[in-house]
A.B. asks: 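Sending over a structure as structure tokens; questions will come in a sec.
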Amino acid sequence: MQGRKRHLVVDTKGLMLAVMVTPAGQPDRDAVRELLARLRMLHPQLTLIWAYSACAGTLAEWARRFLHLILKIVTKLPGQTGFKALARRRIVERLAWMMNARCNAIDYERPAQHSEAHRHGPRSLS
């Protein structure tokens with residue numbers, strides 16, 4: 001494995017609801033589909049998910065039809081050039097600080113489940 005991607009779902013306060021670690025070569029759409037299925041099982045009360053543009057199109061329709069989740073896509077403002085923090089995406093983007101920890105930044109060739117458990121802490125061991 002040449003790297004890892006970390007897919008996160010957080011609530012509006014920034015508290016982590018679900019995490020999934022995948023190989024870097026796996027397409028985001030495939031990973032998000034599995035993550036949304038996990039999220040539905042863990043938090044059946046959720047109905048609205050804000051997502052980035054890679055989740056648009058058939059994935060949004062799949063989530064609506066099979067998981068009964070509404071995906072609202074957060075996109076750039078019309079005419080926007082350069083970087084600007086987007087309203088709903090900023091909550092997840094501020095979690096980038098977790099890459100400051102050496103155990104997250106360097107791949108120690110442990111299973112992906114180990115990285116997921118590291119995000120959740122002790123409660124994921126039960």
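Reckoned from all heavy atoms, side chains included, excluding hydrogens, waters and symmetry mates.
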A.B. asks: side-chain contact (heavy atoms from CB on, under 4.5 Å) with L17: which of V10, I49, L42, D11?
C.D. replies: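 Looking at V10, I49, L42, D11, the match for L17 under the side-chain contact (heavy atoms from CB on, under 4.5 Å) is D11.
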A.B. asks: If I compare all heavy atoms of V32 with all of C55, which pair ends up nearest, and what's the gap?
C.D. replies: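 What the structure gives for the nearest pair is CG1-SG, 3.7 Å.
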A.B. asks: Taking all heavy atoms of L36 and all of A63, pick out the closest pair and write down the distance.
C.D. replies: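 Answer, listing the atom of L36 first, then A63: CD1-CB, 4.2 Å.
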A.B. asks: Run the side chain to side chain contact (heavy atoms under 4.5 Å, CB included) test against A31 and tell me which residues pass, sequence neighbours left out.
C.D. replies: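 With neighbours one apart ignored, the set is H7, M20, T22, Q26.
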A.B. asks: So which atom in L39 and which in A18 form the shortest heavy-atom distance, rounded to 0.1 Å?
C.D. replies: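 Shortest heavy-atom separation between L39 and A18 comes out as CD1-CB, 4.1 Å.
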A.B. asks: Sorted by first residue and then second, give each salt bridge (charged side-chain N to carboxylate O under 4.0 Å, His left out) pair with at least one member in residues 16-35; sequence neighbours left out.
C.D. replies: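 Every salt bridge (charged side-chain N to carboxylate O under 4.0 Å, His left out) pair that includes a residue of residues 16-35, provided the two are not neighbours, is K5-D28, E34-R38.
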A.B. asks: Could you give all pairs that pass the salt bridge (charged side-chain N to carboxylate O under 4.0 Å, His left out) test and reach residues 40-63, with sequence neighbours left out?
C.D. replies: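 Passing the test, one end in residues 40-63: E61-R64, E61-R65.
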A.B. asks: Would you compute the distance between atom CG of L46 and atom CG of L67 and round it to the nearest 0.5 angstrom?
C.D. replies: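 Answer rounded to 0.5 Å: 11.5 Å.
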